[in-house]
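Worksheet: one structure, shown below.
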Number of protein chains: 2
Amino acid sequence: MSGDLNLEFAIAIIAIVFFFVGTYLNKKSFQKHSKVSTEINHKKIKALEISKREYEVLLGISEGLSNKEIGEKLFVSESTIKTHVSNLLSKLNAKRRTQALQIAKDLQII
Amino acid sequence: MSGDLNLEFAIAIIAIVFFFVGTYLNKKSFQKHSKVSTEINHKKIKALEISKREYEVLLGISEGLSNKEIGEKLFVSESTIKTHVSNLLSKLNAKRRTQALQIAKDLQII
DNA sequence: AGTCTTTTGGTACTAAAGTATGAATCCTAT
DNA sequence: ATAGGATTCATACTTTAGTACCAAAAGACT
C-alpha cells in the first residue's frame, strides 16, 4: 500500500514537472518569435544611412506631431526639422510623412 | 526487472504526455492574448460615429496615400476626400492625419 | 411621401508640409 | 590640425493638407 502511494506520488510529481517544462519551453519559443517581429531593425536604419537626429524626427512624426512641435521637443527650429524630414523622405523613398511611416513600419525600424 | 522496465516506460509516457499538455495549453493562451491585442475594435468605430466611407479614407491615410490618391482609389473627387478627412479628424479629436493614425492605432481601430 | 444620415463635391481660404539652395557650426576620426 | 559627416538655420518657393460653408443627390427607415 505504501509502495503504491509512493508510486502515485512520484507519477504526479513527474507529470507536474514536465507540464511546467512544456509551458516554459513553449513560452520561451513564443517570446523569441514575438521579439523578432517587434524588434527594431537597427541594421536597416544604418543601411539606409538615417542619422540619429533624423531618426528622432521620424519618431516625432510617428507620434503625430507637426514639424513645429517636433522642433519644440528637440529644441531646434522648424526649419531644421523641415530639412531632416526632407532628407528622411528621400532616404525612405517616400513622398509624404504618412508614407514614410508606412514604409518605416514595413521595414520594422519604428 | 521487467517490472522496473514497465515502470520506467510508464514514467516516460507520463512525462511526454504532460510535456505536450503543457505546451498545448500555453500555446492556446498565447494565441488568445495575441488575438485580443490585434483585433479591430468595431464597437469603438461605431461609438465614434465614424461612417463606412470615412473609415475607408482612414485606411487610405494609413497606407500613406495623399488625398488625391485616395480619391482615385475610391473613384471620388479630392474635394470629397477632404470633407471626409476633416470630419474624421474632428471625430478622432486629431489636428493632423498623422495624429489621427496614432490615435486610431491606440484605439485599435486600424 | 417624408425624414434623416451619408456621400458627394464645389469655392475660397488659411495653414502646414515639402523642395531647393546655400551656408555656418559642431563632432569625430585620422 | 583638418577633412568629412552631421546638425543647424534661413529664404523663397510649390504643393498638400485642412477648414468653413454650402448644397445637391443617394439610401435607408417609417
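Each chain gets a letter, A, B and so on, in the order the sequences are listed, and its residues count up from 1. Every value quoted in this text rests on a predicted model; they were computed, and no experiment measured them.
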Inset, instruction - For the residue pair A:Thr83 and A:Ser86, confirm or rule out a side-chain donor-acceptor distance under 3.5 Å. - result: no

Inset, instruction - Considering just the side-chain nitrogens and oxygens of A:His84, establish if one lies under 4.0 Å of OP1 or OP2 belonging to D:dT7. - result: no

Legend entry - Single-linkage hydrophobic cluster B:Ile81~B:Phe75, side-chain heavy atoms < 4.5 angstrom: no

Legend entry - Terminal helix-axis angle for the helix from C:dA1-D:dT30 to C:dT30-D:dA1, with five pairs defining each axis and rounding to 10 degrees: 60°

Side-chain donor/acceptor pairs under 3.5 Å, residues 53-61 of chain B, sequence neighbours excluded:
from	atom 1	to	atom 2	distance (Å)
B:Arg53	NH1	B:Glu56	OE1	2.8
B:Arg53	NH2	B:Leu74	O	3.0
B:Glu54	OE1	B:Ser51	N	2.9
B:Glu54	OE1	B:Ser51	OG	3.4
B:Glu54	OE1	B:Lys91	NZ	2.8
B:Glu54	OE2	B:Lys91	NZ	3.1
B:Tyr55	OH	B:Ile109	O	2.7

Inset, instruction - Would you please name every residue forming a side-chain contact (heavy atoms from CB on, under 4.5 Å) with B:Tyr24, sequence neighbours left out? - result: B:Lys28

Inset, instruction - Would you mind building the protein contact string for nucleotides 10-20 of chain D? One character per nucleotide, 5' to 3', B for base within reach (heavy atoms under 4.0 Å), S for sugar-phosphate only, - for untouched. - result: BB-----BBS-

Inset, instruction - State the CZ-OG1 distance between B:Phe19 and B:Thr23, to the nearest 0.5 angstrom. - result: 6.0 Å

Considering only distance and modelled atom types, tabulate donor-acceptor pairs under 3.5 Å from the side chains of residues 92-100 of chain A, sequence neighbours left out.
from	atom 1	to	atom 2	distance (Å)
A:Arg96	NE	B:Gly64	O	3.1
A:Arg96	NH2	B:Gly64	O	3.4
A:Arg96	NH2	B:Glu69	OE1	2.8
A:Arg96	NH2	B:Glu69	OE2	3.4
A:Arg97	NH1	A:Leu65	O	3.0
A:Arg97	NH2	A:Asn67	OD1	2.1
A:Gln99	OE1	A:Lys95	N	2.8

Inset, instruction - Check every nucleotide of DNA chain C for an atom under 4.0 Å from a heavy-atom of chain B, then give the first and the last such nucleotide from 5' to 3'. - result: C:dT7 to C:dA17

Legend entry - Other residues, nucleotides, ligands: >12 heavy atoms within 6.0 Å of A:Lys105 NZ: yes

Inset, instruction - With sequence neighbours left out, write down each residue that passes salt bridge (charged side-chain N to carboxylate O under 4.0 Å, His left out) with A:Glu72, or none if nothing qualifies. - result: none

Inset, instruction - Mind running a 4.0 Å heavy-atom check of residues 99-107 of chain A against DNA chain D and sending the residues that fall below it, in number order? - result: none

Would you be so kind as to tabulate the donor-acceptor pairs closer than 3.5 Å made by side chains of residues 43-50 of chain A, with sequence neighbours excluded?
none

Are there any protein N/O atoms within less than 3.5 Å of an N/O atom in nucleotides 26-30 of chain D, and if so, which ones and at what distance?
none

Legend entry - Counterpart residues, salt bridge (charged side-chain N to carboxylate O under 4.0 Å, His left out), relative to B:Lys73 (two or more places apart): B:Glu63

Inset, instruction - Establish whether B:Phe9 and A:Val17 are linked, either directly or via other cluster members, by ILVMFWY side-chain heavy-atom contacts under 4.5 Å. - result: yes

Legend entry - Rounded distance (nearest 0.5 Å) linking atom OG of A:Ser77 with atom NZ of A:Lys82: 10.0 Å

Inset, instruction - Give, ordered by number, those residues of residues 44-52 of chain A having at least one heavy-atom distance below 4.0 Å to an atom of DNA chain D; if nothing qualifies, reply none. - result: A:Ser51, A:Lys52

